[in-house]
Structure formats: structure tokens, C-alpha cells
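Here is how names work: the chains are called A, B, and so on, in the same order as the sequence lines, proteins then strands, and each is numbered from 1.
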2 protein chains.
Amino acid sequence: MRRGKPNDPGRRSRILEATLDVIKTDGISAVSYRGVAAHAEVPLGSMTYYFPTLKGLILTALDSTRSELEPRYAAPLRDARTAADVVDALVDATIGSTSPSLADIRLYEEIRHRGARDPDVAAVLQAVEDDSLLMLQPVAPTRIALAINALLWGWWSHRLAHPDTSLDEATVRGPYEAIVGLAAADHPSHKKEQHRA
Amino acid sequence: MRRGKPNDPGRRSRILEATLDVIKTDGISAVSYRGVAAHAEVPLGSMTYYFPTLKGLILTALDSTRSELEPRYAAPLRDARTAADVVDALVDATIGSTSPSLADIRLYEEIRHRGARDPDVAAVLQAVEDDSLLMLQPVAPTRIALAINALLWGWWSHRLAHPDTSLDEATVRGPYEAIVGLAAADHPSHKKEQHRA
DNA sequence: GTAAAGTGCGTACAGTGGTACGTACTTTCA
DNA sequence: TGAAAGTACGTACCACTGTACGCACTTTAC
């Protein structure tokens, strides 16, 4: 039997959003009940009520990004018909309109960082990556999808380390073309029309 | 005038080593005066004596890795004569004998992570990367050296996220060949002998 | 209406952290 | 042989942390 009702149903999700804000700004290690409470303008007691442990709060917050981060460059990749489309989508995901903001890259970096030590967070990371590999499956065999993922993360990581300089499009495009070209050469059953620019 | 002498001259460097140990094992955020003191078997007072601020200790420790991490795969790259040599060196640096241990990758990840927020640490990172780009200069124009760096870091990062699975050599080699091949195609003045495997 | 169950939150506790500081020891110079 | 300067370290302070816990308030069942 359900008794009692929350008088502020949005409170829980406000806490989660505030947590992500703090993570993006100052990192996971800066997440504290009190800090997030202040940021979300809720009392400390609310924090421990909705999230009895801090680890649980962080994990829930990180997990909530899965549905938000992934689909951004998923659609363009799924719609790609030719190898050139794939390259376009990758370039765009790296530095273009579908690419993550610096804050989002920071968030992603936080997940990777934490994931290296916390198996629960590693699971979140793994889920994102599995999605990504599956998404690339139609355009490249796993072997090459791995390389694409590695390079994509490498470029994002570069952007994070050099926030003031922007990557040239040609710099990014060439290597993607070369790698995607491998897929066509290796295994012509994958999307055809490999060509040099 | 110099008066007084340290009665344990190795103490300072023992502290630095212990600090790196802690960073590799539990991350920068786990570095505390007390924890490192226990690990290095020195009294707490020694810590603050040699390193008045914790930030200074961490920075000094991180900086001390520059001379240790870099030259490992520097020599093979410098000695590379042909494009094939370069690819071999890169593959080796990724998963082979000159590649960093997981602990070292973790350390590198710590530097990148911290560097995203702390300009002083970012400077350390920048120095390492500058060295790396300079080293690749003879075999690839900067544009392509950037891509190689990004991919190399991507692979390392992959290893960190998947400590239990090992990367296939063929998986790693193909993309390197493709990217290094770009250098030869683009700018034939760089080391010749591009060829497909 | 009243008791019980559930919701929401203020407070307090125990632990850990960086770092300031006083003190003792050692070396050097007059 | 002092005394000053530098070395080394034990202790203590204060800030901040996660979290346990108890007290109100709201809703529901009888």
C-alpha cells in the first residue's frame, strides 16, 4: 500500500542534474553531499534520503548520461550509406556539430578515469562502448571499429588537453578516411564506395 | 653559508617514489601527506618539511615521470628508417615490449585527468606531448603526428578500460599502417617506402 | 479520529584531511 | 665554547567529509 507522497517530485532529478553539473565543473572527486545540496538548493537531509550512499548518487548520475550522450552521433552513423558518409559522420562527431562540448568530454573523461578503478563505473563505460561498437558494426568489422573508437577518443582527449586550439578538419578527416578505407579493402561486403579525397 | 646537513639524503626521493606508487595504485586524489608518509616510512613532519604544500608534492612527483616515461619508445622511433620501421615501433609502443604497463597507463591517465583542470599539470602533459610530436617530426608532418598521438593514446586508454582482454597485433597494426601511409602519400619527402602489408 | 506507515529533513558524530607551529637536534662560524 | 642558522619532526588545530539517527509532518486505513 502506497502512503505518503513526495511534495516535490522533481527534487530527485534536480539532485541528479546538480550532481552532473558538479562533475562536469569540478570532477567526480569534488562531489559531496553538501556541495551538491547547495547547488541543487535542497537540504542536506534530502540528499541522503534520495541517495543513501554517495557512491550510489554518483553511479546513478553517471548512468543517466548514457541515454543522453550516446544518441547524439548515433543517428548520423546509422544513416550513413557510403564510406564517405561514415567518414563525414566521424569527422562531425569529432569536431563538428554532433561533437560533444568540452564539458561533455570532461564528463566522459571522468567516467573513464573512475572506471579504471571502480568496476561499477567500468560497467557504465562498457555499456556505452558496446553500443558504439554495435553501431559501427554495419560499416566496419569489430577490429576496425575498435580502432575508430580509439581514434575518436584520442581526438576528444586531445581537444580536452588543448582547449584553446581547434583541430583542423583536414587533420581529422585524413586518418578517418584511411582507417575506414581499411574496412572496404579488408572486407568488401561492408558498405562500399571507398575513395580517396 | 650552508649549515646543517640532511641526515638522510635519500629521504626526499623516497617520498617522491612513494607518491608515484600511491598515484599508480589509487590515483592522485588518494595522495595524502599521511598516506604517503606511511608508504615511505617517514614521519609526517618530514613530508611538510620537504614539500610544504601537497600540490607541490604531486606536481614534483608527476614531473619526475617525464624523464622516465618518454624515452622508452623514443629510441625505436628515432631509429626508424622506413615507414615499416615506424609502424613497427608504434605497434610495439602500443602492445609490445616498449609499451607501458597498465600501471604506467594509469599514471598517464592520472596526468591527463588532472591536467584538464590544473594548468600546472597541463604544462607537464604539454611538455610530454611536445616531445612526442617533435620525435615524430622526421617521419610524419605535424598534422599526421597528431593523429598518431591520438590513436596511440586511444589504444592505451582502451587497454586501461579492458585490462583483461588483450589487443590483437593485426588490429593495432592496420590502422597505424593506414595513417603512416598518409604521410608518405601526402608529403613524399618524409621517409619513403610506404607499402601495404 | 486515531494509529500506523511513509516522507522529508536538521543535527550530531566520528573520521580524515592539510597545514601551522613549537621544539629538539645538528652543524658551522666566531 | 657558545650562539646562530638550518634541519627534522611531533603535535594540534580547524575545516570538511559521509552517514546515522531522531523528530516532525503527511497520508492512509480502520
Side-chain angles (χ1 to χ4, degrees), chain A residues 1-23 25-63 110 113-114 117-121, chain B residues 1-23 25-63 110 113-114 117-121:
Chain A
M1 27 181 138
R2 288 279 292 93
R3 319 212 181 155
K5 257 192 308 185
N7 59 6
D8 182 1
R11 180 153 297 193
R12 202 187 113 102
S13 53
R14 267 225 317 292
I15 291 175
L16 283 177
E17 273 177 46
T19 305
L20 282 182
D21 270 3
V22 172
I23 293 178
T25 310
D26 298 320
I28 290 184
S29 64
V31 173
S32 74
Y33 274 137
R34 287 168 179 83
V36 173
H39 199 79
E41 293 181 309
V42 302
L44 174 60
S46 283
M47 299 294 301
T48 64
Y49 175 70
Y50 287 106
F51 303 95
T53 77
L54 190 69
K55 188 169 152 49
L57 168 62
I58 292 171
L59 210 65
T60 309
L62 291 184
D63 201 65
E110 289 294 329
H113 179 83
R114 191 69 150 217
R117 296 211 163 74
D118 184 334
D120 294 326
V121 176
Chain B
M1 28 179 138
R2 288 279 292 93
R3 319 210 182 157
K5 257 192 309 184
N7 59 7
D8 181 1
R11 181 153 295 196
R12 203 186 113 102
S13 53
R14 264 221 323 287
I15 291 175
L16 284 177
E17 273 177 46
T19 304
L20 282 181
D21 270 4
V22 172
I23 293 178
T25 310
D26 297 321
I28 290 183
S29 63
V31 173
S32 73
Y33 275 137
R34 287 169 179 83
V36 174
H39 199 79
E41 294 181 309
V42 301
L44 174 60
S46 282
M47 299 294 300
T48 66
Y49 174 69
Y50 288 106
F51 303 96
T53 78
L54 190 69
K55 188 170 152 48
L57 167 63
I58 292 171
L59 209 66
T60 309
L62 291 184
D63 200 66
E110 289 295 327
H113 178 82
R114 191 69 151 216
R117 296 211 163 74
D118 184 334
D120 294 326
V121 176

Can you give one letter per nucleotide of nucleotides 11-19 of chain C, going 5' to 3': B for a protein heavy atom under 4.0 Å from the base, S for sugar-phosphate only, - for none? BB----BBB
Is the shortest heavy-atom distance from the side chain of B:H39 to the side chain of B:T25 under 4.5 Å? no
Could you give the distance from OG (A:S46) to CZ (A:R14), rounded to the nearest 0.5 Å? 9.0 Å
Return the value, rounded to whole Å, for the distance between atom CZ of B:F51 and atom P of C:dA20. 16 Å
It should be established whether B:Y49 places a side-chain nitrogen or oxygen under 4.0 Å from OP1 or OP2 of nucleotide D:dC9. no
Value in whole Å for how far the P atom of D:dA20 lies from CE of A:M47: 15 Å
Would you kindly give the CD1-to-C1' distance between B:I15 and D:dA8, to the nearest whole Å? 11 Å
Please answer whether the main-chain N or O of B:T53 pairs with a side-chain N or O of B:Y33 as donor and acceptor at a distance below 3.5 Å. yes
Heavy-atom check, side chain of A:L16 versus side chain of A:F51, under 4.5 Å: yes
Between C1' on D:dC9 and CD on B:E41, what's the gap in Å once rounded to a whole number? 17 Å
Distance, nearest 0.5 Å, that separates CG of A:L54 from CD1 of A:I28: 10.5 Å
Do B:L62 and B:I23 have side chains that approach each other closer than 4.5 Å (heavy atoms only, starting at C-beta)? yes
